[in-house]
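The structure under discussion appears below in the form of structure tokens.
Only a predicted model underlies this, so the values are computations on that prediction, with no experimental measurement involved.
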Amino acid sequence: MASGTEKKQRQRQALNQALPDPVELAAGIRAGSRSALARGITLVESSRADHQEIAQALLADLLPDTGKAIRLGLSGAPGVGKSTFIEAFGQLLTGRGLRIAVLAVDPSSTRTGGSILGDKTRMELLARDPNAFIRPSPSGGTLGGVARRTREAMLLVEAAGYDVVLVETVGVGQSETSVADMVDMFLLLLAPGGGDELQGIKRGIMELADLIVVNKADGDLVPAARRAQMEYQAALHLMRPKNAGWTPHVLLASALKGEGLDKVWEAAEAHRKALADAGDLARLRAAQAKAWFWTELREGLFSALKSDPQAAVLVPELEREVAEGQTTPTAAARRLLDLVLGRPDGA
């Protein structure tokens, strides 16, 4: 059986040999073709200009078919059991007749740019479920715990008819927060038995969480899990809720034994209803679309800056001056921007 990396390489080779018709590809995605969906995601993840042109035409065609799924984000420290949780949670949902898409982000090497993309092997049972779609993607060095094109991939799986989209981040830390800007509900998965439970958790990510799930609440860890639940719940009371109609709380679960997962899904449905009834869901997604626009604008400007021939000549000189203390980084950056934007010095 070919690995996820080999399959992705074949998809890219197929794209290079014959560029697809976005109208035909959109029809395949609407019809539920997994190969068409995989090809569409490969297109939106590609950095080639011709691929991006087709990808944007594809997204424009499918945009009216998006937005109906429940969007969930999941983050947690390595070893907390994210993959086990997602597989068990996904099987619960598919067992109830729902279709779930998992967009899992693996960290890219800062040295080689490579990524293991091993989520399908860690979720072997869910990967074989016909009502589940798992797509691992490399973070590509993007901060925030998600890949740059995760938003576009989410739109494609929604257009393909998936009822729940679950975005798994690379881990939990100071920068693992961008997922909260693209999902309806942000779940923070934590483990018991870590000593001072709150010591390693950043306040910023606690404030973003709509639901905290203490995983591995089984066996000898049950008492520790209950203590952690009380400590996290007390911490949440000190934070202002993101939405007036929803108060974040803490649940216990054991993904290994399949316990407590139904409560997590009930909370996700209740959260969705609370936001929809208050009109907050539409406002949330509108704000997320604006944030997405500014993110793309920043990325596009930075790419244009790096590819500008005049900037390529000036950058080494500015880097040298900054390193030697001859100028400040701010002044050097302004000189570069003035050059690229065609502004006279000091304008």
Quick one, F85 with L261, criterion side-chain contact (heavy atoms from CB on, under 4.5 Å). Give me CA distance, side-chain angles, the key distance, then yes/no. CA-CA 9 Å; F85 179 87; L261 302 178; 3.5 Å; yes
Determine, step by step, whether V102 and F133 satisfy the side-chain contact (heavy atoms from CB on, under 4.5 Å) criterion, reporting the C-alpha distance in whole Å, the side-chain angles of both residues, the deciding distance to 0.1 Å, and the verdict. CA-CA 6 Å; V102 179; F133 178 84; over 6 Å; no
Go through the steps to decide whether L62 and D65 satisfy the test side-chain contact (heavy atoms from CB on, under 4.5 Å), and finish with yes or no. CA-CA 5 Å; L62 292 174; D65 303 298; 4.2 Å; yes
Test R320 against Q326 for side-chain contact (heavy atoms from CB on, under 4.5 Å), laying out the working first. CA-CA 8 Å; R320 179 186 56 78; Q326 297 178 13; 3.6 Å; yes
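Residues passing the ring pair (Phe, Tyr, Trp, His ring centres under 6.0 Å) test with Y162, sequence neighbours excluded: none. With sequence neighbours left out, W246 forms a ring pair (Phe, Tyr, Trp, His ring centres under 6.0 Å) with H249, H271. Take D308 and apply the salt bridge (charged side-chain N to carboxylate O under 4.0 Å, His left out) test, not counting sequence neighbours, and it matches no residue. Residues satisfying the salt bridge (charged side-chain N to carboxylate O under 4.0 Å, His left out) test with R285, not counting sequence neighbours, are D184.
In this structure, CG on D163 lies 11.0 Å from OG1 on T94, to the nearest 0.5 angstrom. Atom CD of E158 and atom CZ of R71 lie 4.0 Å apart (nearest 0.5 Å). L125 CG to Q91 CD: the interatomic distance, rounded to the nearest 0.5 Å, is 5.0 Å. Interatomic distance, CZ of R30 versus CG of D61, reported as 4.5 Å (0.5 Å rounding). Rounded to the nearest 0.5 angstrom, L74 CG and L211 CG are separated by 10.0 Å. Separation of atoms OG (S303) and CZ (R298) is listed at 13.0 Å; rounding is to 0.5 Å.
Closest approach of L43 and I54 over heavy atoms only: CD1-CG2, 3.8 Å. A pairwise comparison of heavy atoms in W265 and R96 identifies CD1-NH1, 3.3 Å as the closest pair. Across every non-hydrogen atom of I212 and M206, the tightest pair is CD1-SD, 3.7 Å. In plain terms, the two heavy atoms of V44 and A153 that are nearest each other are CG2-N, 4.5 Å. When all heavy atoms of L208 and A180 are compared, the pair lying nearest together is CD1-CB, 4.1 Å. When all heavy atoms of T169 and S75 are compared, the closest pair comes out as OG1-OG, 2.9 Å.
Counting heavy atoms from C-beta on, the side chains of Q52 and R149 come closer than 4.5 Å. With a 4.5 Å cut-off on side-chain heavy atoms, K216 and P192 count as touching. Counting only heavy atoms from C-beta outward, the side chains of V165 and L72 never approach each other to under 4.5 Å. Between L190 and V213 the shortest side-chain heavy-atom distance does not fall below 4.5 Å. In this structure, the side chains of K242 and D210 come closer than 4.5 Å at one or more pairs of heavy atoms. Contact of the R335 side chain with the L318 side chain is registered, since non-hydrogen atoms from C-beta on lie closer than 4.5 Å. Considering only heavy atoms from C-beta on, I41 comes within 4.5 Å of V157 through its side chain. Using a 4.5 Å heavy-atom cutoff, the side chains of L126 and I134 are in contact.
Note on L256: it does not cluster hydrophobically with L187, by side-chain heavy-atom contacts below 4.5 Å among ILVMFWY residues. Both L59 and L19 are members of a single hydrophobic cluster when ILVMFWY side chains are connected at heavy-atom separations under 4.5 Å. The hydrophobic cluster containing L98 also contains M185, counting ILVMFWY residues as joined when their side-chain heavy atoms lie under 4.5 angstrom apart, directly or transitively. M239 and L188 fall within a single hydrophobic cluster, where Ile, Leu, Val, Met, Phe, Trp and Tyr are joined by side-chain heavy atoms under 4.5 Å apart, directly or via other members. Note on W292: it clusters hydrophobically with L63, by side-chain heavy-atom contacts below 4.5 Å among ILVMFWY residues.
In summary, the side chains of R135 and T42 do present a donor paired with an acceptor at a separation below 3.5 Å, with no hydrogens or angles considered. S254 and D218 share a side-chain donor-acceptor pair at under 3.5 Å. If you check the side chains of S33 and S35, you find a donor sitting under 3.5 Å from an acceptor.
Cluster partners of F293, using a side-chain heavy-atom cutoff of under 4.5 Å among ILVMFWY residues and allowing indirect links, are W294, L297, L301.
Between the side chain of E87 and the backbone N or O of E124 there is at least one donor-acceptor pair closer than 3.5 Å. Judged by distance alone, with hydrogens and angles left aside, the side-chain atoms of D129 form a donor-acceptor pair with the main-chain N or O of N131 at under 3.5 Å. Checked by atom type and distance alone, the side chain of E259 never pairs as donor or acceptor with a backbone atom of A253 at under 3.5 Å.
E231 and R227 are not joined by a salt bridge, as no carboxylate oxygen comes within less than 4.0 angstrom of a charged side-chain nitrogen.
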Report all side-chain donor-acceptor pairs from residues 272-279 shorter than 3.5 Å, counting only partners two or more places apart or in another chain.
unit_1	atom_1	unit_2	atom_2	d
R272	NH1	A69	O	3.0
K273	NZ	D277	OD2	2.7

